[in-house]
Amino acid sequence: MHFKNGRTLRHMRSFAAVACVLLLAIAARAAQTPPAGVPPADRFVADGGLRLHYLDWGNAGAPPLVLLHGIDRIAHTFDHIAPRFTNRYHVIAMDLRGHGDSGWDPEGRYLVEDHVGDLERLVTALGLSNVTLWGNSTGGRVVQVFAGMHPDLVAAVIAEDVGPERPRSIADAYARRVTQEENGWTGPDELLAQMRAAAQRLPDAVLEPYVRYGTKRRDDGRLIWKRDPNLVKGFVETELWRYVRDIKAPILYVLGGRSTIVPAATQEELKKVLPHVRIVTMPGLGHYPSDEQPEEFAGIVRQFLEAPKR
């Protein structure tokens with residue numbers, strides 16, 4: 001092949017060099033990103049305080065995305081949605097104290113602030129910074145408080161169907177449920193059948209790992225949740241505005257349209273006090289929108305995280 005002048009040849013060499021750099025960058029990212037379908041690794045933080053269990057989906061060179069579940073749930077209840085973010089983030093989900101494979105507090109210390117202390121330990125132990133936090137229900141309260149207390153560590157916050165307040169009615173309802181479930185179940189089939197028959201039916205992609213990893217056999221053979229019954233001591237009427245007002249990072253509230261946990265008055269107050277807030281309601285959904293419509297929920301979160309920072 002003949003070239004009429006050296007400029008064309010130089011352009012082609014420059015293009016080839018750029019293409020080579022891009023291919024190397026793509027290959028490096030592919031080497032860091034866990035293949036689709038690979039389960040997360042079980043890891044623990046055990047230095048000082050309760051032993052904390054967390055799941056790690058890999059991609060350690062990427063920005064950290066830390067997920068915190070709601071009351072009675074476990075880190076594995078993010079299994080159906082966490083892989084949607086592992087190509088761009090180092091995704092970690094922690095079992096809150098008293099849940100799953102994390103330790104139980106012998107003194108029953110389960111206030112939101114106690115869970116925040118555990119998140120502080122996790123972030124410190126792993127050397128995380130520029131963290132994106134996503135929590136649903138109680139986990140959503142924890143990430144709001146952490147973001148208000150540590151604005152220098154937080155890049156963005158996603159709070160799923162939860163605001164700064166927990167009314168007494170919700171706390172009392174949880175205490176009644178713990179009492180009702182004291183006797184447990186004969187096995188996973190009975191528990192799954194009960195959960196599938198619930199008014200707010202969740203997909204098996206959520207229910208099956210929830211039951212598989214979130215239960216254990218009692219000495220008499222009955223199946224029970226992996227939870228400390230003393231969680232009720234910390235699941236009380238709560239007001240967290242003093243922390244939320246100090247949040248500096250962009251924050252997204254994704255609410256279920258059928259849920260009443262974040263009423264209109266609270267939404268208006270959030271818009272007044274938070275400089276970088278976005279509130280999205282997913283019509284017809286309940287308290288865990290990411291369970292009911294994971295793809296749509298992930299799309300809302302991605303759009304928020306990819307938006308230019310103000």
Side-chain angles (χ1 to χ4, degrees), residues 33-41 54-59 62-96 99-100 131-144 155-163 188 191-192 195-214 250-259 261-262 278-307:
T33 304
V38 173
Y54 67 96
L55 302 175
D56 189 334
W57 275 266
N59 201 9
L65 170 60
V66 177
L67 316 179
L68 294 183
H69 60 81
I71 192 73
D72 258 8
R73 290 193 158 210
I74 54 172
H76 275 290
T77 51
F78 288 106
D79 283 1
H80 70 295
I81 196 167
R84 300 171 194 266
F85 296 91
T86 53
N87 63 328
R88 298 192 64 174
Y89 292 91
H90 177 196
V91 181
I92 294 166
M94 183 178 76
D95 280 339
L96 298 182
H99 296 78
V131 183
T132 296
L133 298 170
W134 165 8
N136 51 39
S137 195
T138 293
R141 301 188 201 281
V142 175
V143 301
Q144 290 176 82
V157 184
I158 301 104
E160 184 176 350
D161 200 60
V162 69
L191 176 54
L192 279 168
M195 297 175 79
R196 287 167 178 152
Q200 185 179 331
R201 167 70 189 274
L202 297 177
D204 282 351
V206 176
L207 295 182
E208 290 179 356
Y210 189 4
V211 172
R212 181 182 311 123
Y213 298 105
I251 181 166
L252 170 68
Y253 291 87
V254 184
L255 312 179
R258 288 191 292 105
S259 173
I261 290 177
V262 188
R278 183 182 179 200
I279 301 175
V280 176
T281 299
M282 299 183 71
L285 303 189
H287 186 42
Y288 288 94
S290 64
D291 288 355
E292 297 184 72
Q293 292 185 3
E295 185 56 45
E296 293 83 352
F297 185 95
I300 292 169
V301 170
R302 279 194 292 263
Q303 183 181 49
F304 165 71
L305 294 177
E306 293 168 6

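Positions are given from 1 along the sequence.
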Option among Trp57, Tyr213, Trp134 that satisfies the ring-ring contact (aromatic ring centres under 6.0 Å, His included) test with Phe78: Trp134
Working for salt bridge (Lys or Arg N to Asp or Glu O under 4.0 Å), residues Arg73 and Asp291: CA-CA 12 Å; Arg73 290 193 158 210; Asp291 288 355; 2.7 Å; yes
Shortest non-hydrogen contact from Ala155 toward Thr132: CB-OG1, 4.1 Å
Intermediate values then yes/no, side chain to side chain contact (heavy atoms under 4.5 Å, CB included), Asp204 and Leu192: CA-CA 9 Å; Asp204 282 351; Leu192 279 168; 5.6 Å; no
Note, Ile81 side chain near Phe297 side chain (heavy atom, < 4.5 Å): yes
Least distance between heavy atoms, Pro188 atom then Val211 atom: CB-CG1, 3.9 Å
From Arg258 atom CZ to His287 atom NE2, the distance as rounded to the nearest 0.5 Å: 12.0 Å
Asp79 side, atom CG; Leu67 side, atom CG - distance, nearest 0.5 Å: 10.5 Å
Where Ser259 and Asp161 come nearest, the two heavy atoms and their spacing: OG-OD2, 2.6 Å
Backbone of Asp72 reached by a side-chain donor or acceptor of His99 within 3.5 Å: yes
Modelled atom types, side-chain donor and acceptor of His76 and Asp95, under 3.5 Å: no
Ser290 backbone acceptor or donor facing His80 side chain under 3.5 Å: yes
Criterion side chain to side chain contact (heavy atoms under 4.5 Å, CB included) on Ile251 and Gln144, from CA distance to verdict: CA-CA 9 Å; Ile251 181 166; Gln144 290 176 82; 4.3 Å; yes
Non-hydrogen atoms of Phe85 and Leu65 that approach each other most closely: CB-CD2, 3.8 Å
Whether Asn136 side chain and Gly70 backbone form a donor-acceptor pair below 3.5 Å: yes
Least distance between heavy atoms, Met282 atom then Val254 atom: SD-CG1, 3.7 Å
Residue pair Gly140 / Ala159: nearest heavy atoms and the distance that separates them: O-CB, 4.4 Å
Test item: Leu202 and Met195 side chains (from C-beta on) under 4.5 Å apart, heavy atoms: no
Spacing of Leu55 atom CG and Met94 atom CE [to the nearest 0.5 Å]: 11.0 Å
Candidates Val301, Ile300, Leu255 - the one meeting side-chain contact (heavy atoms from CB on, under 4.5 Å) with Val280: Ile300
Stepwise side chain to side chain contact (heavy atoms under 4.5 Å, CB included) check, Leu305 with Tyr89: CA-CA 11 Å; Leu305 294 177; Tyr89 292 91; 3.5 Å; yes
Heavy-atom donor-acceptor pair, His69 side chain to Leu96 backbone, under 3.5 Å: yes
Heavy-atom donor-acceptor pair, Gln293 side chain to Pro289 backbone, under 3.5 Å: no
Side chain to side chain contact (heavy atoms under 4.5 Å, CB included) evaluation trace for Asn59 with Thr86: CA-CA 7 Å; Asn59 201 9; Thr86 53; 5.7 Å; no
Gap between atom CG of Leu68 and atom CZ of Arg141 - 0.5 Å precision: 13.5 Å
Euclidean distance, Gln303 CD relative to Leu252 CG, rounded to 0.5 Å: 9.5 Å
Nearest-0.5 Å distance that lies between atom OG1 in Thr281 and atom CD1 in Ile279: 7.5 Å
